[in-house]
Amino acid sequence: VHELLKRRYQLRPVAVEIFSMDGCNDLLVFHKNERDEVFKNLLSMSLPRNSMMDTTISGSSKQETNEGGRLFKMMAKSFSKCWQNGEISNFQYLMHLNTLAGRGYNDLTQYPVFPWILRDYESEDLDLNDHNSFRCLDKPMGALTPEREEEFRRRYESWDDPEIPRFHYGSHYSSAGIVLFYLIRLPPFSEENKKLQGGQFDHADRLFNSIRDTWLSASQGNTADVKELIPEFFYMPEFLENRFNLKLGVKQCGEQVDDVLLPPWAKGSAQEFIRKHREALESQYVSENLHHWIDLIFGYRQRGKAAVDATNVFFYLTYEGAVDIDSIEDPAMKASILAQINHFGQTPRQLFLKPHPKRKCHERPPPVHALRHHNLLVPREVRTISSPISQIVIFHDKIHVCGSNHILKPRSYTKCIAWGFPDRSLRFMSYDQDRLISTHEGLHGGGQIQCAGISRDGRILVTGGEDGVVAIWRLRKDGIRKQRRLHLQKLLCAHTQKVTCVAVCQPYSLVVSGSNDHSVIFWDLRSLEFVLQLPEMPAPISAVHANDLTGRVVTAAGTNLTVWTINGECLATVNTSQLPSDTIMSVISSLFSDWMETNWFITGHQSGGVKLWHMEHISDDVTRLRVRSHSVFSVSEYKRLKEDKPSLPSQKSLKKDGHLPGRVPVSSTEYQLILFRVLKWHKQPVTSIYLTNDLKQLVSGDAGGHLVSWALPDETFKSSPLQEN
C-alpha cells in the first residue's frame with residue numbers, strides 16, 4: 001500500500017480508497033460513522049509507502065478530517081507546478097487531477113473524465129499543426145456552437161422552480177451509463193451494459209458505433225448529449241474492437257454493429273487511432289489550452305457565477321454537498337435521489353478556486369537522439385572484462401556491467417545476483433567488492449538455474465530452470481539478524497524444455513518467459529497465474545524484453561524478431577538476417593516516453609552486429625505486397641517504396657491474428673520493422689545492450705567482454721562523463 005485517501009460514494013463521505021504498489025486499487029465503503037475510525041486505524045498501521053506519497057499519508061492524519069480540505073489543494077498545487085513546468089505529460093496531469101477530485105476506476109459513477117480534444121474526424125491525414133483540427137477547450141460540450149449554447153442559456157433563464165435551482169444541462173458529461181456506452185465491447189462492462197438495459201444490449205442505432213458520429217452527437221446534435229471522454233481513448237485500442245464477437249445488433253440502415261468505425265486518419269487501425277489521439281493530447285495546441293478545460297471541470301468555472309457565465313451549470317444533485325442523503329427519512333425520496341446520483345452523473349470535487357495557470361509552452365522540436373541520427377554515431381571502447389557481458393546498467397552516471405550468469409539488483413545496483421555454480425546455488429554478491437553476501441541452494445529441486453530476472457523495485461526475483469519451471473521469489477530480510485531470505489511465491493509450470501530467458505515488467509504486472517521448446521508465455525506477476533501463450537516461434541527463444549512504459553513485449557527466436565502487445569497481439573515481425581546462424585542474442589526498446597519515440601528497437605547479433613529498427617505502420621507508404629517475412633529493408637530502400645501507395649487490409653482482418661494458434665502471423669501484421677542501421681564494431685556476439693532513457697547514448701557488450709559506447713559526437717561524455725565501474 002502506498003496511498004490511502006478518503007472518498008465519497010453516492011455523494012456521501014463513507015468510502016476509503018487504498019492504492020497498491022501493483023496498481024490494483026480497492027474502494028471500501030462503510031457506514032457513515034465507521035469510515036473515519038477505519039481510516040484512522042489504517043493510518044496507524046506500519047504500511048510500506050512510496051516516498052513521494054509519505055507526506056500525503058502523514059498529512060492526512062494530522063491536517064485533514066474531511067475529503068476536500070487543505071491537503072488536496074496542496075497536492076493539486078504541487079502537481080500543477082510539475083505540469084506547468086513540463087515535468088509531467090498532459091495525460092499524467094489529468095489522471096492526477098481526477099484522482100484528487102475523487103474519481104477512479106473502482107466507481108463507474110465517478111470514473112475519470114477526459115476531454116474531447118479533436119473535431120477533425122473526417123480528414124485522411126490529421127494535421128496537429130492546424131488549430132482547426134482541435135476542439136475549443138474553453139467551452140463545455142454544450143456550448144461548442146453558438147446555436148447550441150444559446151438554446152441551453154434560454155433553458156437556464158426560463159427555468160422557474162422554487163425547489164430545483166436553475167441549470168443548463170439535465171444530463172452530464174460523465175456518468176456510469178457513458179462509461180458503459182464506451183466500454184460495451186469489453187467484459188465485464190459488456191455484461192454491466194446489458195444489466196443497465198434490462199438484460200440485453202440497447203438498440204443498435206444507440207450503441208457506440210462511430211467516433212465521428214459520437215462526436216457530432218455530443219458537440220452539436222443531441223441536446224441531451226454532452227458527454228466527454230474516458231482515459232481509454234488515449235491508451236487502450238482493445239476497447240474499440242469487438243474481439244469477443246458480441247452480437248451488438250443491426251442498425252436500421254442494415255449495417256451490422258461490430259468494431260467502432262474510426263476516422264480516416266486512423267487508417268483502419270485501432271492502434272494507430274490511439275497513437276495519434278495520444279499525440280494530439282500532448283500537442284502544442286492542447287498544452288496551451290488545457291487549463292481552460294480544467295477550469296470548467298475541476299476549477300473556478302465549475303460553480304457559481306463563473307459557471308453560469310461559461311454555460312456550465314448542471315442539475316443540482318450532481319454536485320457534492322447539494323443534499324444530505326442521510327437526513328432524508330422518506331424511503332421513496334431517498335431511493336429517487338440515489339438513483340439520480342448513480343445514473344445521471346456526478347461532478348468532480350472542485351480543486352481550484354482561481355483561474356488555472358497556463359502551461360509554460362515552447363515549440364518542442366523533435367528530440368535529437370542517437371537513433372534518429374544513427375549515421376553520426378561514434379563508437380568508443382569503454383572497458384573490457386574477463387567474461388561475456390550479460391547486463392549493462394547506467395546508474396548515477398556510472399556504467400555497471402555484469403558477466404555471464406549475473407544480474408544487477410535494483411534499486412541501488414550495489415549488489416548482483418549470480419547463478420550457474422557447480423553446487424547449483426544462487427548467490428547474492430556485493431557489486432564493487434565481489435564479496436559473497438548469501439547463498440541459496442536447491443531453488444529448482446537440485447536442477448541448474450538457466451536465467452533470472454528481477455523487478456525494478458528489487459523485491460521480486462524470477463528464475464528459470466533447466467526443468468522448464470519458472471519460479472517466483474520474494475526477497476525479504478527476516479529474523480533478528482535480518483538475514484536475506486528467498487520466499488517461494490509459486491512455481492509456474494508450462495514449458496516442456498529448459499527456460500532460456502525471462503523478463504519482469506512490474507508496472508504491467510507481467511512476467512515473460514521463453515524456452516528451448518519454442519514457446520513464450522505471459523504470467524501475471526500479481527496473481528501468479530498463466531495469462532497466455534504466444535503462437536509457436538520458429539526457433540528456441542534467445543531473448544525476451546518487456547517495456548515498462550508501453551507494456552509491449554519483444555521476442556527473439558533465432559533470427560526472428562517480433563513485437564507484441566501486452567494482450568498477445570502481433571504488431572510486427574521480421575527475419576533480421578539472411579544468415580540462419582546470425583541469431584539475435586539481445587534485444588531492447590526505447591524507454592523515452594509512454595507515447596513518444598516508442599517504436600525503436602535494437603538487437604544484438606551472433607555476428608557482432610548491432611541493428612537499429614523502427615516500427616512503421618503499413619499505411620506509411622510501405623507496399624504490403626513487397627513486405628515479406630524474410631525481407632530486411634534499409635532506410636534507402638524504404639524511401640524508394642514511398643512511390644507506391646499501399647492497399648490496406650480491412651480493420652477486421654487485422655485484429656485477432658496474434659491470438660490464433662500456429663506459427664507467428666506475418667502477412668496480417670499492422671506494422672513493419674524497418675532496418676535503419678547496422679552498427680559494426682564487435683567481432684564477437686553482442687550479448688547485452690543498454691539504451692539511455694534520453695536516447696542519446698547506446699552501450700553494447702559482447703561475449704569477449706568488450707564494452708562499447710555509441711553516441712553523437714557532441715554527446716560523447718560531454719556534460720557528465722560516464723565513469724567506468
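Fair warning: this is a prediction, and the values are worked out from it, not measured in the lab.
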Would you please test Glu192 and Lys195 for salt bridge (charged side-chain N to carboxylate O under 4.0 Å, His left out) and show each step? CA-CA 5 Å; Glu192 291 299 317; Lys195 291 179 184 178; 3.3 Å; yes
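- In this model, no donor atom of one side chain and acceptor atom of the other lie less than 3.5 Å apart for Thr109 and His343.
- Contact annotation: the side chain of Asn25 never approaches that of Ile18 to less than 4.5 Å [non-hydrogen atoms, C-beta and beyond].
- Atom-to-atom distance recorded for Leu338:CG and Gln10:CD is 5.0 Å, nearest 0.5 angstrom.
- When the options Leu492, Val502, Ile472, Leu528 are evaluated for a side-chain contact (heavy atoms from CB on, under 4.5 Å) with Trp523, the one that passes is Leu492.
- If you check the side chains of Tyr111 and Gln346, you find no donor sitting under 3.5 Å from an acceptor.
- Checked against Arg12 for a side-chain contact (heavy atoms from CB on, under 4.5 Å), the options Ile325, Val29, Val323 give a single hit: Ile325.
- Lys6 has a carboxylate O that lies under 4.0 Å from a charged side-chain N of Asp36, or vice versa, which qualifies the two as a salt bridge.
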Is there a salt bridge (charged side-chain N to carboxylate O under 4.0 Å, His left out) between Glu17 and Arg103? Walk through the geometry before answering. CA-CA 10 Å; Glu17 190 160 16; Arg103 306 186 79 85; over 6 Å; no
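- The backbone N or O of Ile184 sits nowhere less than 3.5 Å from a side-chain atom of Asn193 that would complete a donor-acceptor pair.
- Ring-centre distance between Phe352 and Phe298: not below the 6.0 Å cut-off.
- Under the 3.5 Å distance criterion, with hydrogens and angles disregarded, a donor-acceptor pair is assigned to the side chains of Asp205 and His203.
- Put simply, the side chain of Asn85 never gets that close to the backbone of Glu87: no donor and acceptor are under 3.5 Å apart.
- Note that the OG atom of Ser190 and the CG atom of Leu183 stand 9.5 Å from one another [nearest 0.5 Å].
- Using a cutoff of 4.0 Å between basic side-chain nitrogens and carboxylate oxygens, Lys334 and Glu329 are not scored as salt-bridged.
- Looking at heavy atoms from C-beta onward, Leu281 lies out of side-chain contact with Trp595 at the 4.5 angstrom threshold.
- Taking the ring centroids of His168 and Phe152, they lie at or beyond the 6.0 Å cut-off.
- Closest of all the heavy-atom pairs between Thr311 and Ala143 is CB-CB, 4.2 Å.
- One distance of note links CZ of Phe592 with CG of Asn693; it measures 9.5 Å at 0.5 Å rounding.
- Between Ala310 and Leu296 the shortest heavy-atom distance is CB-CD2, 3.9 Å.
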Candidate pair Asn90 and Arg359, rule side-chain hydrogen bond (donor to acceptor under 3.5 Å, both in side chains), full reasoning: CA-CA 10 Å; Asn90 292 340; Arg359 194 172 198 185; 2.6 Å; yes
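- Closest approach of Leu100 to Arg349, counting heavy atoms only: O-NH1, 2.6 Å.
- A donor atom on one side chain and an acceptor atom on the other are not found under 3.5 Å apart for Ser171 and Asp225.
- Side chains of Ser20 and Arg526: no donor on one and acceptor on the other come within 3.5 Å.
- Taking the side chain as every heavy atom from C-beta outward, Arg135 and Trp293 approach each other to under 4.5 Å.
- Atom NZ in Lys276 sits 11.5 Å away from atom CG in Leu118 (nearest 0.5 Å).
- Relative orientation of the His356 and Trp83 rings is perpendicular, given thresholds of 30° and 60° on the angle between their planes.
- Around atom CD of Gln200, no more than 12 heavy atoms belonging to other residues, nucleotides or ligands sit under 6.0 Å away.
- Residues Leu42 and Val38 meet the side-chain proximity criterion, which asks for heavy atoms closer than 4.5 Å.
- Looking at Asp457 and Gln506, their side chains do bring a donor and an acceptor atom within 3.5 Å of each other.
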Salt bridge (charged side-chain N to carboxylate O under 4.0 Å, His left out) between Glu279 and Arg275, worked out: CA-CA 6 Å; Glu279 187 179 352; Arg275 183 184 69 81; 3.7 Å; yes
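- Nearest heavy-atom pair across Pro348 and Gln302 is O-NE2, 3.0 Å.
- In this structure the side chain of Ser174 never reaches within 4.5 angstrom of the side chain of Ile297, judged on heavy atoms.
- Atom CG of residue Asp326 and atom NE2 of residue His31 lie 11.0 Å apart, to the nearest 0.5 angstrom.
- Taking CD from Glu228 and NE2 from His172, the interatomic distance works out to 10.5 Å, rounded to the nearest 0.5 Å.
- Judged purely by atom type and a 3.5 angstrom limit, Arg301 has no side-chain atom pairing as donor or acceptor with the backbone of Val308.
- Under the 4.5 Å side-chain criterion, counting only non-hydrogen atoms from C-beta, Val553 is in contact with Phe522.
- Between Tyr121 and Trp116, the ring-plane angle classifies as perpendicular under the 30° and 60° cut-offs.
- Remark: the Thr598 side chain and the Thr550 side chain contain no N/O donor-acceptor pair separated by less than 3.5 Å.
- Asn242 and Asp259 share no side-chain donor-acceptor pair at under 3.5 Å.
- One side chain, Gln110 or Arg8, offers a donor N or O that lies under 3.5 Å from an acceptor on the other.
- Tyr169 and Gly142 get closest at one heavy-atom pair: OH-CA, 3.5 Å.
- In this structure, Arg185 and Leu248 have side chains that are in contact, with non-hydrogen atoms separated by less than 4.5 Å.
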Evaluation steps, ring pair (Phe, Tyr, Trp, His ring centres under 6.0 Å), between Phe314 and Phe167: CA-CA 5 Å; Phe314 293 84; Phe167 58 91; 9.4 Å; no
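- In this structure, Lys227 is positioned above the aromatic face of Phe181, its NZ or CZ under 6.0 Å from the six-membered ring centre and within 45° of the axis.
- Smallest separation of non-hydrogen atoms from Asp26 and Cys24: OD2-O, 3.8 Å.
- No side-chain donor from either of Asn312 and Arg303 sits under 3.5 Å from a side-chain acceptor of the other.
- Defined by atom type and a distance below 3.5 Å, a donor-acceptor pair is missing between the side-chain atoms of Gln340 and Ser336.
- Within the cation-pi definition used here (under 6.0 Å to the ring centroid, within 45° of the axis), Arg166 qualifies as a partner of Tyr156.
- A centroid separation of less than 6.0 Å is found between the aromatic rings of Phe234 and Phe114.
- Ring geometry for His277 versus Phe233: interplanar angle over 60°, hence perpendicular rather than tilted (30 to 60°).
- Looking at heavy atoms from C-beta onward, Leu94 lies in side-chain contact with Leu290 at the 4.5 angstrom threshold.
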